[in-house]
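Bear in mind that the values here come from a model prediction, so they are computed numbers and not experimental data. To find a chain, count down the sequence lines: A is the first, B the second, and so on, and within it residues start at 1.
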Protein chains: 2
Amino acid sequence: MTSRTSAATSRAPGTGDHPAERAPLSHERVLRCALALADAQGIGALTMRSLAQELGVKPMSLYHHVANKEAILDGIVDLVFAEIELPSPGGDWRTEIRRRAGSAREVLHRHPWAVALMESRSSPGPASLRHHDTMLGTLRAAGFSVEMTGHAYALLDAFVYGHAIQEAGLPFTGTDDAAEITSAIAAQFAGGDYPHMVEFATERVLKPGYDFGDEFEFGLGVVLDALERLLPDGGA
Amino acid sequence: MTSRTSAATSRAPGTGDHPAERAPLSHERVLRCALALADAQGIGALTMRSLAQELGVKPMSLYHHVANKEAILDGIVDLVFAEIELPSPGGDWRTEIRRRAGSAREVLHRHPWAVALMESRSSPGPASLRHHDTMLGTLRAAGFSVEMTGHAYALLDAFVYGHAIQEAGLPFTGTDDAAEITSAIAAQFAGGDYPHMVEFATERVLKPGYDFGDEFEFGLGVVLDALERLLPDGGA
DNA sequence: ACCTGAACACCGTTCAAGT
DNA sequence: ACCTGAACACCGTTCAAGT
């Protein structure tokens with residue numbers, strides 16, 4: 001798509017700082033850089049000024065390629081949607097829906113700021129629309145009625161988004177520092193007002209092998225089983 | 001609790017603008033006003049300066065009652081948690097968990113900015129801790145093992161939060177303007193790239209009686225049925 | 001066509017001063 | 001103890017100017 005990128009880089013004089021790249025701006029380059037910045041520094045660090053600096057340009061130049069910051073936020077949310085694997089309406093619906101759910105979880109884990117942002121976006125981009133249409137198509141092809149497709153999709157994505165928001169809110173990532181943080185919390189509340197939290201911390205979270213991520217597989221299984229029962233031949 | 005409020009109001013000289021109240025500041029008064037401002041104008045309109053003005057005070061005065069803006073955000077999230085009805089560990093677990101889930105949904109609907117904020121908060125307040133402890137206690141009292149309690153709570157709240165984030169993202173509230181917006185969208189995409197979205201819009205959303213809120217009862221029923229099967233006597 | 005300097009109306013927060 | 005004026009280092013965005 002952006003075939004001029006590498007050629008244009010050569011005329012950057014190497015201005016010292018880390019914006020080594022100096023390709024000409026474009027809508028896509030602005031959005032790609034905004035996405036990378038949000039991932040690296042957090043969504044709060046994504047400002048028109050920091051983005052411009054990262055691109056080796058002055059803030060006002062951005063406005064020639066995007067309408068405003070809102071458009072940038074809409075754009076990177078759509079880039080996130082584009083990373084989620086689409087289900088294939090031809091395949092086994094359970095396999096396809098499971099694969100897509102797992103992919104959505106991975107993507108939202110890579111971009112933890114995205115799930116909170118989705119709530120406030122009201123103009124979905126092309127990747128979001130394609131995604132929703134393919135999901136609806138896959139469920140319809142699986143044999144769900146229009147009404148049941150609505151139930152199924154709402155339940156599935158409530159679970160996927162809800163799990164993502166819980167994971168994003170955890171004070172730790174991975175199993176290592178989980179133990180450290182959890183035992184600190186448990187010690188703080190020991191013998192106090194929150195006996196069930198202490199029990200859960202010591203007898204579950206601190207036991208070897210605990211991983212909140214496992215709740216995803218568990219919950220997804222529950223949801224898929226329930227969906228299967230909604231099919232016309234669900235009992236069989 | 002705040003017995004001085006009405007007495008202190010009388011010595012306000014009525015400074016003309018709508019900050020008619022002029023009670024002395026307090027931690028609670030600052031947080032209550034912040035919550036009201038976020039509800040009325042959106043979380044983006046909640047600034048130290050707008051909050052101060054609403055309280056009839058200068059921005060810097062706020063720092064005598066809260067550490068900084070982060071502490072305000074932590075505080076109002078905890079106020080939101082405090083509004084959610086607690087389950088009673090003594091009652092029928094299904095009734096109690098259902099009532100609490102419905103209350104959570106109502107509360108998050110009243111404060112649609114809250115669900116996105118929860119993700120980024122890492123220091124839970126007393127109401128949040130009380131809430132989590134009571135939920136864990138209710139599930140344990142119902143007969144769930146420690147491990148199953150973790151599964152059950154994770155699934156339940158993934159669904160509750162996920163549904164809330166979907167509702168908050170809808171471009172309409174209520175059934176009235178839903179029809180208008182949906183038919184505009186459907187017309188825009190008619191005969192285009194998104195046939196399943198058009199089908200769902202015309203044959204489901206535009207039919208009389210459609211209400212996305214109904215998906216909550218549907219999904220909650222699915223989740224509660226699944227939890228019942230996790231109990232030791234779940235098959236019976 | 002694309003970029004930019006200067007400016008505007010905002011932010012959160014600190015610090016030294018007032019009562 | 002509680003409040004505040006002035007200031008600092010930031011925001012997003014507009015506008016008129018440069019090439």
Base-pairing mate for C/dG12 - Watson-Crick or G-U, with both contacts under 3.5 Å
D/dC8
Please determine, by modelled atom types, if B/Glu28 and B/His65 share a side-chain donor-acceptor pair under 3.5 angstrom.
no
Gap between atoms CG and P, on B/Leu62 and D/dC2 respectively (whole Å):
14 Å
B/Leu51 CG - C/dC11 C1' separation (whole Å):
14 Å
From C-beta outward on B/Arg49, which listed nucleotide comes closest to its side chain: D/dC3, C/dC11, D/dG12?
C/dC11
Between P on C/dC11 and CE on A/Met48, what's the gap in Å once rounded to a whole number?
18 Å
Can you say whether a donor on the side chain of B/His64 sits under 3.5 Å from an acceptor on the base of D/dC2, or the other way round?
no
Please tell me whether A/Tyr194 and B/His132 form a close aromatic pair, meaning their ring centres lie under 6.0 Å apart.
no
d(NZ, A/Lys58; C1', D/dA16) in whole Å
18 Å
For B/Leu73 and C/dC11, what is the distance between atoms CG and P respectively, to the nearest whole Å?
15 Å
Separation of atom CD in B/Glu70 from atom C1' in C/dC11, rounded to whole Å:
14 Å
Side chain of A/Met60 only, heavy atoms from C-beta on: which candidate in D/dG5, D/dT13, C/dG12 is closest?
D/dT13
Between B/Tyr153 and A/Phe200, is the ring centroid distance below 6.0 Å?
no
Using a heavy-atom cut-off of 4.0 Å across all strands, would you classify B/Thr47 as base, sugar-phosphate, or nothing?
sugar-phosphate
Between B/Tyr63 (OH) and D/dG5 (C1'), how many Å, whole number?
15 Å
Keeping the roles fixed (side chain from A/His196, backbone from B/Leu136), state whether a donor-acceptor pair exists under 3.5 Å.
no
With both distances under 3.5 angstrom, what nucleotide forms a Watson-Crick or G-U wobble pair with C/dG18?
D/dC2
Measuring centre to centre across the rings, with the benzene-like ring taken for any Trp, is B/His163 within less than 6.0 Å of A/Phe159?
no
What is the distance from NZ of A/Lys69 to C1' of D/dC10, rounded to the nearest Å?
12 Å
